[in-house]
Amino acid sequence: MAAQFPLVDISGYLNPTSPEDKAKVIAQVRDAFKTVGFFQCTGHGIPVSLQRTMFKALELFYSQPKEKKMEISVFKSRCRRGYEASGVHSRDGKAMPDAKESYYFCEDDPEIEMGGIYGPNQWPSIPEDEFRKPIWEYYEKTAAMGKLLWEMLIQGLDRSTNTMERFSRRPLIGMNLLRYPSPEDTAEGQFGLGAHNDWGGITVLLQEPGKEALEIWLEDDKEWVSVPAVEDRFVINCGDMLSGWSGGVYKAVHHRVVNKAPVERYSAVTAWHGDIFATNPFEEPGKSKETVGHLFVKRFQKQMKPSKELLAAIGVEA
Ligand SMILES: O=C(O)CCC(=O)C(=O)O
Ligand SMILES: [Fe+2]
């Protein structure tokens, strides 16, 4: 089953030797998102050495004592950036909260704006060369990849990429560094991360090699299947916003995390959503009123309890 997952080499888009090279990649990406809503990606140009350094930095972060991590708790940040302990994040209707721990950050802005959409990250007190520098380099490279994939998907529906300029003016790009405890340290019936769809645009995910844990729901076969965790192979997911804006042509895949390795497992997620005030990039600007910001607030209103300031900034009534 796992062998049937779409695998797309995007090097022909990045370094085309003929116009057909680009068209071929666009068609493969489009078909993968149309059929399953996800694919594994090679030929992306992000060095393996950087991927390894990123995982090393992640391991270093999580090996700190809990008190140290709690110094940069998300609850200390008006932008909800920073560390979240295991067992904090729960999903609607689920008795058991997720077992994962996470460290979350976005673009780093000096001032808090729009009630916390923009603002500063909370960085750990680990030497810059060992954490912030490699993590930021990885973030920038995977963010560029997320934007490029949007461009491919727009062309995949025979639309113009002119809308990308407005769509990527000040894009919301979040990154989550995740740690899942070993099965031994996970409670009976508890998921690493419960079943969900990603809410927004493109998700660029890297699993720690050799540690299978990510499962996706195949609607046609009505079963959960494990996505191979292979070095240098990114997993690309389609979020609900992107799916909806494509008119449902691109599918958002339902997925969850069950750590099967006998030890802890790490993964890194970069999600590229678009400018908060931008509308559907598959359409000419002005055709619809719904923005990235509207959909963001709609999805997180319950868990985030956004401030009046944030709602007003986005243009949503409190
Ligand atoms: O850790 C993983 O493999 C998946 C993480 C994920 O689905 C998410 O952060 O939305
Ligand atoms: Fe996800």
Side-chain angles (χ1 to χ4, degrees), residues 2 5 33 36-41 51 54-55 58-59 61-62 74 80-92 94 97-106 135 138-139 142-143 146 149 172-183 185-186 190-218 224-243 250-261 263-273 295-296 299-300 303-304:
F5 288 153
F33 263 34
V36 274
F38 112 111
F39 63 94
Q40 299 176 91
C41 179
Q51 299 167 37
M54 181 277 292
F55 276 124
L58 210 162
E59 223 175 305
F61 173 80
Y62 283 112
V74 282
R80 292 182 79 88
R81 318 267 176 96
Y83 172 70
E84 191 182 82
S86 170
V88 172
H89 193 98
S90 61
R91 265 155 230 291
D92 292 351
K94 290 274 184 309
D98 294 339
K100 69 172 165 77
E101 285 177 80
S102 66
Y103 172 73
Y104 181 71
F105 67 94
C106 298
I135 292 292
Y138 177 92
Y139 171 76
T142 44
L149 288 161
L172 195 63
I173 312 162
M175 183 159 171
N176 235 331
L177 302 175
L178 298 150
R179 176 189 178 271
Y180 299 88
S182 67
D185 293 327
T186 308
Q190 185 180 31
F191 287 99
L193 184 68
H196 68 283
N197 285 10
D198 293 343
W199 77 270
I202 296 271
T203 305
V204 177
L205 161 76
L206 191 60
Q207 308 194 72
E208 204 186 349
K211 293 187 185 169
E212 280 197 12
L214 176 67
E215 297 182 343
I216 66 161
W217 175 252
L218 293 183
W224 288 102
V225 284
S226 218
V227 180
V230 182
E231 181 161 66
D232 204 26
R233 230 186 242 189
F234 285 85
V235 175
I236 312 297
N237 275 348
C238 172
D240 282 335
M241 176 184 79
L242 164 52
S243 172
Y250 296 139
K251 289 188 184 143
V253 71
H254 210 48
H255 55 285
R256 66 184 188 187
V257 177
V258 182
N259 185 13
K260 295 164 195 93
V263 288
E264 63 189 357
R265 175 256 190 187
Y266 299 108
S267 68
V269 171
T270 312
W272 204 103
H273 303 300
L295 292 173
F296 172 77
R299 175 70 171 255
F300 294 107
Q303 78 193 61
M304 206 174 71

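Quantities reported herein were computed from a predicted structural model and do not represent experimental measurements. Note that ligands are numbered from 1 as they come in the structure, with each ligand's atoms numbered from 1 the same way.
- Closest to atom 4 (C) of ligand 1, if we only count protein heavy atoms, is Val257 CG2, 3.6 Å.
- Close contacts of ligand 1 with His255, meaning ligand atoms under 4.0 Å from a residue heavy atom, involve 7 (O).
- Within the 4.5 Å cutoff, no side-chain heavy atoms of Phe61 are placed close to those of Leu177.
- Met175 is listed as a side-chain neighbour of Tyr138, based on a closest heavy-atom distance under 4.5 Å.
- Tyr266 and Tyr62 have parallel rings, their planes meeting at less than 30° on a 0 to 90° scale where 60° marks the start of perpendicular.
- Put simply, the side chain of Val227 reaches to within 4.5 Å of the side chain of Phe5, judged on heavy atoms.
- Counting atoms of ligand 1 from 1 in the listed order, those under 4.0 Å from a heavy atom of Val269 are 5 (C), 9 (O).
- Taking a cut-off of under 4.0 Å to the non-hydrogen atoms of Leu205, the atoms of ligand 1 that pass are 2 (C), 3 (O), 4 (C).
- Under 4.0 angstrom from ligand 1, there are no non-hydrogen atoms of Asn176.
- Scanning the protein for heavy atoms near atom 3 (O) of ligand 1, the closest one is Arg265 NH2, 2.9 Å.
- Between His196 and His254, the ring centre distance reaches or exceeds 6.0 Å.
- Not a single heavy atom of Lys100 sits closer than 4.0 Å to an atom of ligand 1.
- Counting atoms of ligand 1 from 1 in the listed order, those under 4.0 Å from a heavy atom of Leu214 are 3 (O), 4 (C).
- We find that Arg256 and Glu215 are joined by a salt bridge, their nearest charged nitrogen and carboxylate oxygen being less than 4.0 Å apart.
- Where the criterion is an N or O separation shorter than 3.5 Å, residue side chain and backbone included, Asp198 meets it with respect to ligand 1.
- Within the 4.0 Å heavy-atom cutoff, His196 counts among the residues contacting ligand 1.
- Between the side chain of Asp98 and the backbone N or O of Gly194 there is at least one donor-acceptor pair closer than 3.5 Å.
- Close to ligand 1: Leu178, with a non-hydrogen atom less than 4.0 angstrom away.
- Residue contacts with ligand 1: Ser267 is placed with a nitrogen or oxygen under 3.5 Å of a nitrogen or oxygen of the ligand (distance criterion only).
- In Asp198, the N, O or S atom that comes nearest to the Fe ion (ligand 2) is OD1.
- In this structure, the side chains of Thr142 and Phe234 come closer than 4.5 Å at one or more pairs of heavy atoms.
- Electrostatic pairing of Glu212 and Arg265 does not count as a salt bridge here, judged by no charged N lying under 4.0 Å from a carboxylate O.
- In terms of protein heavy-atom proximity, atom 6 (C) of ligand 1 is closest to Leu193 CD2, 3.3 Å.
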